[in-house]
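These notes concern the structure reproduced below.
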Amino acid sequence: MAKWGEGDPRWIVEERADATNVNNWHWTERDVTNWSSDKLKELLMGVRVENNEGCCEVTEVGKLEGEASINNRKGKLIFFYEWSIKATWTGTSKDGIKYKGNIEVPNLSDENDMEDLDISVTLCKDEPETPLTVLMKNEGTNKIRSALGSYLGYLKTEFTQGMILPTANGLSKQQLAQSKVKMDKTQVCSGSSAAPPNTGVKIPTCKFSLKETFLTSPEELYRVFVNQEMMQAFTHAAATVNAEKGGRFRLLEGNVYGEFQELVPEQKIVMTWRYNTWPCEHYATVTLNFLDHGNETELKLECKGVPVSEEDRTKEGWQRYYFEAIKQTFGYGARLY
């Protein structure tokens, strides 16, 4: 039994390992049930929707039964969670009349995709019919789904420290990557120095735009692109991220790197960006705009200065290794444009 985060009872976890399990090579397990229970209550109690008929909000989480744990099995992190949730919502009409209803989520589990999650919203039997029920069933359900997706995001970033598989020499992949960056900053075409796109290299370039919708808030989606732990979670590899103007990033085992040029929280990110196979010192400029649509966030990407021969590969890379990976990892799935 070990305490992780001394002084805060929410951060008490159980960690089990065999005495012969040198460097946690075979397996490590952390019980994060208590933390998960508190985090789920916190996120659900923040759900609130409104329209011209009035507003609705989650006012009580009456039942939260289940468990959650994280396992490192020979270098692969596996997340187990299973929850049954019952909550109460309260609606207030524009005339000040209050209504009560119930919310039930019977199958929040690692075996179910977030898009397939059953979320039941009903009005209490003794309450008169109200348009607020429709509001809660539609927009409220989307908000609840987004909140539960955020829980998965926190789960996959808060407790991964110290669970990365050590290599034969006792260093984790993350430690090796960080050491490599420190020892050899010019290994791949001065790869860790994010030079601007115009460095005198004359090659034909193009630009393209992509749009994608995510079932989460701009705040949460923005965080995915600037938080090192979340980057590592959806790329499934070590990453270095210094989220400030002029700060550098390196991910996908050094295959992608660049520099942040502009950061406007929850609204905009501008960065230089390149694959390590591009001509030395040639960078594209990527702009990400986060548009709040209430229950979802539209992400608009503009990419300029891409080598013409790399256009299709770059588009596919953003869609597969960023957009799809983020949705699968954090449960922000939505339709593709």
Side-chain angles (χ1 to χ4, degrees), residues 70-79 110 113-114 149-167 171-182 187-188 191-192 194 210 212 214-216 220-244 247-260 263 269-278 283-284 286-288 290 297 299 301 303 306 310 312-334 336:
I70 304 174
N71 292 264
N72 173 8
R73 299 295 172 89
K74 293 190 175 181
K76 182 178 181 181
L77 290 180
I78 305 173
F79 300 85
D110 56 272
D113 292 335
M114 189 58 61
S150 295
Y151 157 69
L152 300 186
Y154 285 114
L155 176 65
K156 293 179 179 182
T157 57
E158 298 280 4
F159 290 96
T160 55
Q161 296 298 316
M163 297 192 72
I164 305 299
L165 173 68
T167 60
L171 292 177
S172 69
K173 289 182 180 179
Q174 179 179 351
Q175 290 169 324
L176 286 173
Q178 292 172 340
S179 176
K180 185 177 180 181
V181 170
K182 292 179 181 178
Q187 181 176 359
V188 186
S192 62
L210 296 173
E212 193 69 60
F214 296 82
L215 293 179
T216 189
E220 288 296 325
L221 187 58
Y222 176 90
R223 184 169 173 256
V224 170
F225 287 92
V226 298
N227 180 278
Q228 179 167 303
E229 286 73 26
M230 296 187 83
M231 279 278 197
Q232 291 176 157
F234 79 78
T235 61
H236 305 289
T240 55
V241 180
N242 182 16
E244 60 182 26
R248 299 165 183 169
F249 60 87
R250 188 179 185 93
L251 55 148
L252 291 171
E253 298 183 348
N255 287 310
V256 170
Y257 48 87
E259 181 177 293
F260 293 108
L263 293 164
I269 297 174
V270 181
M271 55 186 158
T272 58
W273 187 98
R274 62 170 275 128
Y275 280 122
N276 67 354
T277 54
W278 287 4
Y283 290 77
V286 174
T287 301
L288 302 175
F290 302 80
T297 299
L299 180 62
L301 175 147
C303 192
V306 177
E310 293 286 303
D312 291 342
R313 178 193 176 206
T314 305
K315 281 183 178 179
E316 182 183 354
W318 272 93
Q319 290 173 331
R320 179 178 178 183
Y321 297 109
Y322 280 89
F323 298 163
E324 292 178 15
I326 288 170
K327 288 181 178 183
Q328 291 173 2
T329 302
F330 304 117
Y332 299 159
L336 295 175

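Since this is a predicted model, take the numbers as computed values, not measurements. Each residue takes its place number in the sequence, starting with 1.
At least one side-chain heavy atom of L263 sits less than 4.5 Å from a side-chain heavy atom of Y222. In this structure, the side chains of W278 and V306 come closer than 4.5 Å at one or more pairs of heavy atoms. Within the 4.5 Å cutoff, the side chain of F330 has no heavy atoms near those of the L221 side chain. Here the side chains of F249 and N242 are not in contact, with every heavy-atom distance at 4.5 Å or above.
In this structure, E212 contributes its side chain and L299 its backbone to no donor-acceptor pair below 3.5 Å. In this structure, the side chain of T297 engages the main chain of T216 through a donor-acceptor pair within 3.5 Å. A donor-acceptor contact shorter than 3.5 Å is absent between the side chain of E259 and the backbone of T272.
Rounding to the nearest 0.5 Å places OG1 of T329 at 4.0 Å from NE2 of H236. In this structure, OG on S150 lies 9.0 Å from CZ on R223, to the nearest 0.5 angstrom. Annotation: the span from I70 atom CD1 to F79 atom CZ amounts to 5.0 Å, rounded to 0.5 Å.
Remark: W273 engages Y322 in a side chain to side chain donor-acceptor pair (under 3.5 Å) (not counting sequence neighbours). For the ring-ring contact (aromatic ring centres under 6.0 Å, His included) test, no residue two or more places apart in sequence or in another chain qualifies with Y321.
Aromatic ring pairs are classed by plane angle as parallel below 30°, tilted from 30° to 60° and perpendicular above 60°; the pair Y283 and Y257 is perpendicular. In this structure, W318 and F323 have tilted ring planes: the angle between them lies in the 30° to 60° band.
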